[in-house]
Amino acid sequence: MNAHSSELAVATPAGGPGAHPGTHPGAGDGADEELRAELRAVARDLLATAAGKDGGDDAQVDWALLAEAGWLGLEVPDGLDGAGVTVAETAVVCEELGRAAARAPYLGTTVLGAGALLALETTDGRDELLRALATGAPRLAVALPTGDAPLGAAGVPGTVPFRLAGSGAAARLTGRAEFVPDAAEAETLLLLALDEGGEPVVVRAVPGQPGLEVTATPVLDVSRSVGAVAAVGAPVEAGSVWRFRGDGRAGGRLLLARGALAVACDSLGAAEAMLAATVGYASVRHQFGRPIGSFQAVKHGCADMLVSVSVGRGLVTEATRALAAASSAHAAGGAGGIEEAAVIAVEVAVSRAKSYMCAAAVDVAGKAMQLHGGIGYTWESGVHRYLKRAALSRALFGSPAAHRARLARRLDADAAGRAR
Amino acid sequence: MNAHSSELAVATPAGGPGAHPGTHPGAGDGADEELRAELRAVARDLLATAAGKDGGDDAQVDWALLAEAGWLGLEVPDGLDGAGVTVAETAVVCEELGRAAARAPYLGTTVLGAGALLALETTDGRDELLRALATGAPRLAVALPTGDAPLGAAGVPGTVPFRLAGSGAAARLTGRAEFVPDAAEAETLLLLALDEGGEPVVVRAVPGQPGLEVTATPVLDVSRSVGAVAAVGAPVEAGSVWRFRGDGRAGGRLLLARGALAVACDSLGAAEAMLAATVGYASVRHQFGRPIGSFQAVKHGCADMLVSVSVGRGLVTEATRALAAASSAHAAGGAGGIEEAAVIAVEVAVSRAKSYMCAAAVDVAGKAMQLHGGIGYTWESGVHRYLKRAALSRALFGSPAAHRARLARRLDADAAGRAR
Amino acid sequence: MSVPRGDLAELRATVRGWCRAHVPADWRRAQTGVGGDEFVAFQQAWFQELRRAGYAVPHWPAEWGGGMSAAEQMVLYQELAAADAPRLVLAFVSIHHAAATLLTAGTDEQRRRHLPGILDGEIWVQGFSEPEAGSDLASLRTTARRDRRAGGDVFVVNGQKLWASGAAHADWCLLLARSDPAAPKRRGISYLLMDMRSPGLDVRPIRNALGDSHFCEIFLNDVEIPAENLVGPENAGWQVAQATLSAERGMTMLELAERLGNVGLRSLVDTCRRPDVTGRRPIDDTLVADRLAGFDTEIAGLRALCRDLVERHDAGTVGPADASVVKVYYSELLQRMTGFGAEIAGLGALAELAKPASSGWESGRWLLDFIGSWEWTIPGGTNEIQRTIIGERGLGLPREP
Amino acid sequence: MSVPRGDLAELRATVRGWCRAHVPADWRRAQTGVGGDEFVAFQQAWFQELRRAGYAVPHWPAEWGGGMSAAEQMVLYQELAAADAPRLVLAFVSIHHAAATLLTAGTDEQRRRHLPGILDGEIWVQGFSEPEAGSDLASLRTTARRDRRAGGDVFVVNGQKLWASGAAHADWCLLLARSDPAAPKRRGISYLLMDMRSPGLDVRPIRNALGDSHFCEIFLNDVEIPAENLVGPENAGWQVAQATLSAERGMTMLELAERLGNVGLRSLVDTCRRPDVTGRRPIDDTLVADRLAGFDTEIAGLRALCRDLVERHDAGTVGPADASVVKVYYSELLQRMTGFGAEIAGLGALAELAKPASSGWESGRWLLDFIGSWEWTIPGGTNEIQRTIIGERGLGLPREP
């Protein structure tokens with residue numbers, strides 16, 4: 001099955017990004033949609049099997065399997081042995097990982113790792129890493145600010161977690177990032193830092209190198225791995241300071257948007273899984289001589305879950321399109337980078353998707369627990385795994401309130417623009 | 001019936017305020033509770049008849065009837081021909097007026113008018129007015145700030161609507177108050193003003209006097225009357241500037257609390273009426289071959305209404321007790337006035353009751369409209385009257401958000417006190 | 001969506017230009033508080049204005065004066081909403097339900113008789129609901145007795161209809177009546193076209209919660225309707241109604257979503273940017289800002305839902321509860337938004353006594369809008385009924401026993 | 001409430017002083033993450049501490065070691081909550097359900113046998129729910145066959161019980177079992193006292209959403225219970241259970257409300273006053289402040305509801321749905337509050353892996369508390385069931401057909 005699924009997943013689509021300039025990538029294009037549907041079907045199948053395999057609590061997905069399936073290098077260009085597709089396909093995998101509540105270092109290695117590398121200026125080191133990534137070696141983690149801070153009015157640069165002092169062989173790195181996805185398992189770290197000129201750059205580092213400490217942070221959501229990365233005057237290896245294409249701030253902002261979108265996709269998948277499980281349970285569980293799903297209290301509760309999942313899916317789709325369009329533009333723009341308006345469009349769409357979907361997923365998982373009755377409260381039912389996963393996703397890369405605060409500033413600015 | 005009800009209502013209770021020092025007036029005292037139950041029964045009866053009498057939209061209650069029933073002078077002391085009971089009895093009338101969505105100038109004349117006069121130092125003019133009030137002449141209105149402003153961190157004095165310049169015969173009044181309850185019908189106005197020393201005082205004025213303008217403000221809630229009172233250098237008649245007993249600020253704050261509590265009581269009555277109407281309708285209206293109240297969607301909706309009405313009733317009762325206790329203390333304290341802690345206790349209890357009950361009443365009336373189906377949306381059903389009345393009550397004397405903001409400042413201050 | 005995107009951009013520019021030239025300046029102020037006649041005159045004039053541009057019935061087949069693709073209609077409605085054009089309120093039933101009924105189930109003769117009339121401004125009303133048949137529409141009791149003896153072939157109709165919006169101004173009525181009392185309740189109903197000038201008809205306006213009277217009762221006392229006005233087979237009226245009720249293919253919801261997202265959200269933001277008596281702007285309060293951002297987000301979600309609904313209709317993949325999902329979400333979002341507007345506007349909202357006629361459901365007179373929002377959560381199957389539809393038809397949950 | 005207020009003030013001072021002297025310092029930290037044995041030991045020690053003060057079973061009759069009036073109990077629980085004393089968790093069923101059953105429906109012999117045992121620390125468990133009988137408790141299937149031949153008069157019990165909280169530590173079980181399979185479902189159930197050391201019993205812990213295992217399954221395989229352990233008449237067990245389930249007369253809800261209003265609200269306010277990484281205190285954000293004030297208000301409302309419930313019990317005027325109103329409100333307020341705490345605590349909440357044993361439902365480990373809150377919205381009749389009870393018994397709405 002793995003060989004088969006791999007084949008399906010990495011088949012280059014008829015129209016990759018850039019093939020239809022001016023269209024919304026991910027929108028309405030028949031060939032793209034077909035590809036994603038196949039990818040989704042394969043992923044769902046594979047994850048259901050993989051997550052069920054060891055019967056453990058954490059539903060760990062085999063690392064080699066992810067590489068074989070071709071999911072690690074989805075966005076890596078053809079020329080670097082990747083599938084050369086867009087973030088829309090990555091989003092499908094994120095959603096399916098959420099649906100299975102699967103444990104896999106996909107967020108660190110692919111969503112953020114590949115995402116960061118793809119946004120950088122081409123260098124041998126960066127290309128080498130991208131090429132390796134598609135085959136599953138090494139695992140990556142990207143140390144970004146993962147809380148609310150970068151969404152504040154001050155914007156990204158003030159909250160970049162690391163600082164570079166000196167340059168060349170004398171360069172030293174200091175800073176700290178918490179709740180970094182997949183940090184503890186990563187073999188290579190990419191650290192978002194400000195260089196001496198205040199420009200965001202990415203610094204490659206290796207766990208265990210002098211001055212650098214990586215610590216796992218155990219969390220209630222055992223299906224995820226997060227950790228803290230701390231550097232205290234850590235020497236930086238030659239050729240390990242990489243620059244974004246174009247404006248580093250824009251690159252950093254898009255990278256944060258990727259993280260937020262990825263957890264929104266995860267929450268969408270998780271919420272859909274909880275809705276499906278609840279509908280299934282309510283159809284078979286009988287009390288008072290009838291299936292509980294025939295009672296309006298349960299039926300209408302499920303209806304509400306469907307409504308919010310439908311709305312969330314729309315928002316996640318829009319955000320994915322916006323990010324895919326901006327990423328294509330970023331890739332196509334070369335050194336010129338990307339326009340501010342495009343970055344804002346991504347941030348608006350992502351803030352909507354993240355704030356709505358990640359809050360909705362907690363509500364849906366909670367409702368699922370309620371409508372499952374006592375069974376839903378058992379460890380065995382697994383509902384708690386989704387509730388905890390949704391809770392982590394809600395907090396990671398900006399709380400709903402922080403994203404809404406950013407949206408509100410935009411609404412105010414837009415209104416001021418209209419009034420002028 | 002009027003004579004009978006009047007007799008019941010003004011019967012002096014076994015234990016008026018002050019009779020049980022140290023107890024919560026309005027709480028658990030058998031005689032008091034019996035009196036209030038009788039008052040409530042009579043009021044409900046009388047208002048149902050009065051409001052139904054003219055069949056008009058505004059359910060105007062005959063002014064003479066209110067006087068005859070003895071409701072106008074409830075809190076006026078025995079010695080001044082009143083019933084000498086507490087604000088707990090006034091609260092019962094307010095609740096029943098809300099239940100009937102009746103139009104009556106009770107808020108202006110009795111709740112605020114008598115309330116303001118009772119908080120003042122004894123003067124002949126004040127006593128004369130109180131004595132007249134119990135018999136229904138003249139109608140009063142009290143011009144207070146009716147919006148959110150006085151709940152702000154700055155507190156009351158900064159938001160007192162009128163200013164006195166000069167004193168004695170040279171005294172001139174300037175200022176403006178909006179949405180003043182029953183202003184347009186009032187024959188005597190009591191204006192909250194700051195004197196030249198910055199102390200809150202009450203100024204008596206008469207509509208139509210030079211420099212003073214009273215304008216009715218038509219509102220969607222036709223069961224209420226509000227108006228604007230504006231003064232521009234209006235000469236003040238001799239003996240018309242009255243001082244609060246004790247600290248004027250405390251007197252002003254308690255007066256605002258009375259207003260807020262009165263509309264909370266009104267909202268409680270309105271919400272109970274809407275719940276009762278909905279339960280009644282759902283029990284008789286059939287669709288799909290069964291009473292709609294047998295469907296869980298309707299049944300559980302009604303259950304939620306009951307829960308919030310029950311919670312609101314508890315909060316309104318607590319606030320009434322707190323205000324009754326503080327008012328007794330204020331009355332008993334003579335010139336010494338009242339302790340800051342007691343005023344704060346009133347404000348906390350009133351802010352809770354006002355913010356919860358007035359928001360809940362809008363929700364309950366809205367739910368009533370929904371569960372009545374198309375009928376609920378007709379003018380004839382009268383549900384809209386309650387919705388509009390609840391909306392006005394919610395905004396009058398401070399929005400729920402403004403009251404909660406005041407509560408939050410208190411929570412923060414209390415926590416700071418604990419930490420010390 | 002087969003229209004190339006380039007053409008859509010051109011259409012968008014054209015409509016935008018047309019709106020600049022034709023949307024009456026300051027119509028909101030002028031239409032605030034107007035009476036019924038003035039409202040009707042304004043609506044009719046605006047309808048003809050749109051008709052001249054080819055924008056009145058874009059969803060009709062080209063042969064009857066329409067011919068826009070779904071993608072083109074989306075652009076049209078987006079631009080009309082963005083320009084805050086007046087809404088077509090009076091013609092709603094005519095151009096949607098009546099036209100859909102005629103196009104789907106009518107005879108050629110019926111179409112030729114009525115579609116041009118609609119374009120010329122004939123107003124239709126829907127005569128479905130009855131006092132005892134609200135959410136449970138199929139239990140309607142108005143009778144239609146076929147009588148072939150009386151100098152012709154007619155249905156003699158008796159009964160009472162309720163919630164007939166616009167009946168006071170209507171020329172024709174889409175009437176559901178029970179023609180076979182013995183049949184199961186969904187099998188004995190016929191669908192008739194009734195001339196509102198027929199003898200035996202009595203229309204009485206019902207005052208609603210806002211004080212308006214667009215809803216009416218229609219009393220039917222031996223009203224004779226020629227048998228040629230039967231739509232579809234006798235006793236198959238329920239099926240005709242079901243097939244045509246959703247014939248607007250999601251486009252009216254899309255238009256409403258666009259209205260909410262344009263003038264609706266803009267007015268709400270403006271309300272929150274206006275300094276209060278203390279000089280503070282509500283939007284600077286994070287509590288208010290958070291709600292505004294929430295509405296912005298929900299509207300984006302609603303628009304996505306509506307576009308998706310239209311596209312599914314177009315692709316033939318629409319699900320049996322998709323429209324219910326949109327209706328529940330739109331109506332409750334409208335209620336939350338207008339309710340919030342009423343809260344922010346505070347006491348001032350109470351003093352706004354009239355809203356502009358021909359405006360949408362979010363006129364910026366927030367308390368009136370809030371009360372009006374129940375006109376969305378109740379009619380056309382209450383939201384309670386919609387949730388049951390979503391649960392049973394959308395999710396396959398078991399029916400009540 | 002017949003106790004003079006002066007005496008209550010004195011009691012309040014006494015309890016306050018006692019708490020200062022006896023509530024273990026820093027017990028929360030010490031009890032965080034402890035194992036089952038340590039938890040049991042701590043609970044038993046605290047129970048005996050309270051017993052020595054006369055505070056363990058204040059609601060029992062004086063002759064059995066209690067004797068406080070409702071007003072006095074209110075003061076006691078208010079002060080224990082204010083002092084953040086550990087809660088009696090393990091003894092809950094013993095001192096409430098078991099005692100109420102024995103006092104209301106037990107024989108003198110049963111009372112003499114068990115009430116002193118409870119005071120000495122005997123632990124009881126409730127054996128009501130079954131896999132197929134959750135909300136629909138009356139459909140339980142565990143059988144109790146009376147057998148007078150086997151060397152004595154016994155009930156032979158077979159079946160399976162679920163959600164038996166604390167069964168792993170229990171000495172005795174309150175068991176409902178079907179003794180007449182032919183009777184209507186509420187008429188064929190008997191109420192038995194079962195020794196947990198009986199042969200044929202198998203207790204298996206069930207891991208819950210928090211990873212704890214206080215809930216257990218109990219498998220019953222030909223377990224023999226002497227007929228003298230029958231409570232009330234044979235086949236009248238349902239009635240006994242109904243009569244004793246609410247015998248705590250609102251006092252446990254009052255205690256929970258006091259806990260929520262003391263340590264619960266205080267911890268939430270503290271969480272919101274702690275500066276975040278940027279140095280801002282969440283409470284300075286009006287969005288947060290508004291929610292806190294809302295919780296403060298709701299808690300005040302809950303406390304009023306609970307006091308009212310206790311007073312109605314005392315006055316004999318309690319309504320048939322009053323307890324359901326309190327349960328729905330408390331449980332959902334708890335869920336909202338803990339959910340909000342989890343949101344404010346953000347990523348940090350995920351890293352709190354254990355909460356103090358013997359604490360309340362609002363330990364300040366907000367995400368764990370949030371998940372634990374379903375232990376209030378589900379058991380004892382889900383909140384959906386409670387709303388039906390409120391609608392039907394509280395408001396008199398018609399039952400489902």
Side-chain angles (χ1 to χ4, degrees), chain B residues 20 22-24 28 275-276 278-279 282-284 289-296 298-319 348-349 351-357 359-360 400-401 403-412 414-416 418-419, chain D residues 1 5-6 9 71 265-266 268-270 272-273 281 283-286 288-309 311 315 319 321-322 324-329 332-333 383-384 386-401:
Chain B
H20 300 295
T23 66
H24 292 298
L275 170 57
T278 306
V279 168
S283 300
V284 299
R290 32 193 280 215
I292 62 171
S294 70
F295 288 102
Q296 283 188 339
V298 175
K299 186 177 293 175
H300 291 189
C302 291
D304 286 335
M305 289 162 87
L306 178 63
V307 171
S308 61
V309 165
S310 304
V311 172
R313 170 171 287 288
L315 291 171
V316 167
T317 303
E318 302 260 308
V348 165
S351 279
R352 285 172 178 159
K354 170 71 169 78
S355 60
Y356 186 93
M357 192 66 242
H403 279 282
R404 282 193 297 263
R406 182 166 79 173
L407 284 170
R409 286 194 301 275
R410 177 58 38 206
L411 284 171
D412 194 22
D414 288 351
R418 271 202 311 278
Chain D
M1 304 283 143
R5 286 178 186 276
L265 185 62
R266 282 204 302 261
L268 193 61
V269 171
D270 289 346
C272 297
R273 295 180 82 240
R281 304 186 315 156
I283 198 173
D284 292 326
D285 183 334
T286 52
V288 173
D290 185 76
R291 293 291 302 273
L292 284 179
F295 291 130
D296 166 77
T297 297
E298 290 201 81
I299 288 172
L302 172 70
R303 285 167 139 172
L305 269 190
C306 289
R307 280 197 300 273
D308 189 52
L309 180 64
E311 286 170 4
D322 290 356
S324 295
V325 169
V326 173
K327 195 219 168 198
V328 164
Y329 195 66
E332 294 178 4
L333 173 56
N383 280 15
E384 289 77 16
Q386 302 299 336
R387 285 191 164 82
T388 294
I389 292 173
I390 294 168
E392 293 178 1
R393 298 189 215 161
L395 293 169
L397 284 166
R399 299 172 60 92
E400 294 204 54

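In what follows, chains are A, B, ... by sequence order, proteins preceding strands, each numbered from 1. What you are looking at is a predicted structure, and each value in this text was computed from that prediction instead of being measured.
Every residue meeting the ring-ring contact (aromatic ring centres under 6.0 Å, His included) condition with D:Phe295, not counting sequence neighbours, appears here in chain and number order: D:Phe340.
Comparing B:Val307, B:Leu275, B:Val348, B:Ile292 by heavy-atom pairs within less than 4.5 Å of chain D, the highest count is held by B:Val307. For the set B:Arg406, B:His403, B:Arg418, B:Met305, the entry with the most heavy-atom pairs within less than 4.5 Å of chain D is B:Arg418. Residue with the most contacts toward chain B among D:Gln386, D:Glu384, D:Glu298: D:Glu384 (heavy-atom pairs, distance under 4.5 Å). Ranked by non-hydrogen atom pairs under 4.5 Å with chain B, the options D:Val269, D:Ile390, D:Val288, D:Val326 are led by D:Ile390. Interface remark: of the candidates B:Leu407, B:Val311, B:Asp414, B:Val311 forms the most heavy-atom pairs closer than 4.5 Å to chain D. Contact count against chain D (heavy-atom pairs under 4.5 Å) is highest for B:Ser294 among B:Ala282, B:Ser294, B:Cys302. When each of B:Ser283, B:Ala419, B:Ala416 is scored by its heavy-atom pairs under 4.5 Å with chain D, the top score falls to B:Ala416. The candidate from D:Cys272, D:Ala304, D:Ser324 with the greatest count of non-hydrogen atom pairs under 4.5 Å with chain B is D:Ala304.
D:Arg387 contributes atom CZ, which lies 14.5 Å from atom CD of D:Glu392 (distance to the nearest 0.5 angstrom).
At a threshold of 4.0 Å, the pair D:Arg281-B:Asp412 counts as salt-bridged, since one of the basic side-chain nitrogens sits closer than that to a carboxylate oxygen.
When every heavy atom of D:Leu305 is checked against every heavy atom of B:Ser310, the shortest pair comes out as CD2-CB, 3.7 Å. When every heavy atom of B:Met357 is checked against every heavy atom of B:Gly312, the shortest pair comes out as SD-CA, 3.5 Å.
Put simply, the side chain of B:Leu315 does not reach to within 4.5 Å of the side chain of B:Lys354, judged on heavy atoms. With contacts defined as side-chain heavy-atom distances shorter than 4.5 Å, the pair B:Arg313/D:Asp308 does not qualify.
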Under 3.5 Å, which donor-acceptor pairs do the side chains of residues 393-401 of chain D form with other protein atoms, sequence neighbours left out?
{"unit_1": "D:Glu400", "atom_1": "OE1", "unit_2": "A:Arg290", "atom_2": "NH1", "d": "3.2"}

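For D:Ile389, no part lies under 4.5 angstrom from a heavy atom of chain B. Only the side chain of D:Asp270 comes within contact range of chain B, with heavy atoms under 4.5 Å apart. When heavy atoms are compared at a cutoff of 4.5 Å, D:Thr286 does not approach chain B at all. Of the two parts of B:Leu411, the backbone and the side chain both hold a non-hydrogen atom closer than 4.5 Å to a non-hydrogen atom of chain D.
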